[in-house]
Amino acid sequence: VQLQASGGGLVQPGGSLTLSCTASGFTLGSSAIGWFRQAPGKKRKGVSCISSRDGGTYYVDSVRGRFTVSVDKVENTLHLHMNSLKPEDTAVYYCAGGGSRRYCGTGWGTGTDFGSWGQGTVVTVSS
């Protein structure tokens, strides 16, 4: 099971970016999949999650309404569409999935039981 994240970069406040995470060795949708981020000097936190059973999507409060998560089943790729970016969105973004977690549920933001992790892609929001 491998995950390859891409799409990070430097963007001005108010701008947009789309992150991608291509999975190999498992089919997206067979387990919960998520995006996480770690800002400099801070702990890793959950950003968004998709449950495998019902496809329910979850977002941390700070990104709800600005970020949208989606799955391209043909490409087996997870996307995170980020709009109205703020400097506080600056972080290394990681995708995770292929583990034993099926529903996002309580505690998904900790990243527990997601299985494999991508290598991370850096997003910097700055003028």
Side-chain angles (χ1 to χ4, degrees):
V1 175
Q2 286 189 327
L3 296 166
Q4 181 74 33
S6 62
L10 173 64
V11 62
Q12 292 187 342
S16 300
L17 271 178
T18 294
L19 305 183
S20 299
C21 175
T22 300
S24 59
F26 79 105
T27 301
L28 291 178
S30 62
S31 67
I33 47 179
W35 286 99
F36 298 79
R37 67 186 181 186
Q38 186 168 18
K42 296 187 177 181
K43 293 183 178 180
R44 184 186 67 199
K45 295 182 179 180
V47 175
S48 181
C49 180
I50 300 179
S51 291
S52 63
R53 297 291 174 84
D54 59 8
T57 56
Y58 299 79
Y59 298 92
V60 67
D61 287 346
S62 59
V63 308
R64 189 174 292 114
R66 300 188 296 122
F67 291 10
T68 303
V69 65
S70 65
V71 175
D72 183 331
K73 294 182 179 179
V74 174
E75 298 293 330
N76 206 34
T77 299
L78 176 71
H79 297 291
L80 184 67
H81 309 279
M82 306 185 294
N83 298 314
S84 302
L85 283 162
K86 304 175 181 180
E88 51 264 42
D89 295 316
T90 295
V92 180
Y93 284 71
Y94 300 90
C95 54
S100 59
R101 183 180 286 269
R102 294 293 179 266
Y103 289 102
C104 298
T106 302
W108 70 265
T110 66
T112 303
D113 297 328
F114 274 82
S116 296
W117 292 77
Q119 84 285 6
T121 186
V122 179
V123 173
T124 302
V125 184
S126 175
S127 56

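Sequence positions, counted from 1, serve as the residue numbers for this chain. Both backbone and side-chain heavy atoms feed into the values below; hydrogens, waters and symmetry mates do not.
- Taking each heavy atom of V1 and S116 in turn, the nearest pair found is CG1-OG, 3.3 Å.
- Residues V47 and V11 share a single hydrophobic cluster, defined by chaining ILVMFWY side chains whose heavy atoms lie under 4.5 Å apart.
- Remark: H79 NE2 to S6 OG distance equals 9.0 Å, nearest 0.5 Å.
- Donor-acceptor pairing under 3.5 Å is lacking for the side chains of S31 and S52.
- Annotation: side chain to side chain donor-acceptor pair (under 3.5 Å) contacts of T110 (sequence neighbours excluded): T112.
- Contact detail for G8 and V123: the closest heavy-atom pair is CA-CG2, 4.1 Å.
- The two residues G56 and C104 come nearest to each other via the heavy atoms O-SG, 4.4 Å.
- L17 has its side chain out of reach of F67: every pair of non-hydrogen atoms, C-beta onward, lies at least 4.5 Å apart.
- Using a 4.5 Å heavy-atom threshold, the side chains of V63 and R37 count as touching.
- You'll find the side chain of Q4 reaches within 4.5 Å of the side chain of Q119, heavy atoms only.
- For the pair G46 and V60, the tightest heavy-atom approach, listed with the atom from each and the gap, is O-CB, 3.6 Å.
- For the atom pair CG (D72) and CG (L28), the distance works out to 9.0 Å, reported to the nearest 0.5 Å.
- Shortest non-hydrogen contact noted between G55 and I50 is O-CG2, 3.9 Å.
- Sorted by first and then second residue, the salt bridge (charged side-chain N to carboxylate O under 4.0 Å, His left out) pairs involving residues 90-117 (not counting sequence neighbours) form an empty list.
- Taken to the nearest 0.5 Å, the OG atom of S30 stands 8.5 Å off from the CG atom of N76.
- Counting all heavy atoms, side chain and backbone alike, V69 lies closest to T57 at CG1-CG2, 3.9 Å.
- M82 is connected to V71 through a chain of hydrophobic side-chain contacts under 4.5 Å among Ile, Leu, Val, Met, Phe, Trp and Tyr, so both are in one cluster.
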Practice problem: Would you check, one step at a time, whether the test salt bridge (charged side-chain N to carboxylate O under 4.0 Å, His left out) holds for D89 with K86? | Solution: CA-CA 5 Å; D89 295 316; K86 304 175 181 180; over 6 Å; no
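- Taking CG from L80 and OH from Y93, the interatomic distance works out to 7.5 Å, rounded to the nearest 0.5 Å.
- Within the model, atoms OG of S20 and CG of L3 stand 12.5 Å from one another, a figure rounded to the nearest 0.5 Å.
- With values rounded to the nearest 0.5 angstrom, S126 atom OG is found 6.5 Å from L10 atom CG.
- A side-chain donor-acceptor contact under 3.5 Å links T90 to the backbone of V125.
- Clustering of Ile, Leu, Val, Met, Phe, Trp and Tyr by side-chain heavy atoms under 4.5 Å joins W108 with F36, Y58, V92, Y94, F114, W117, V122.
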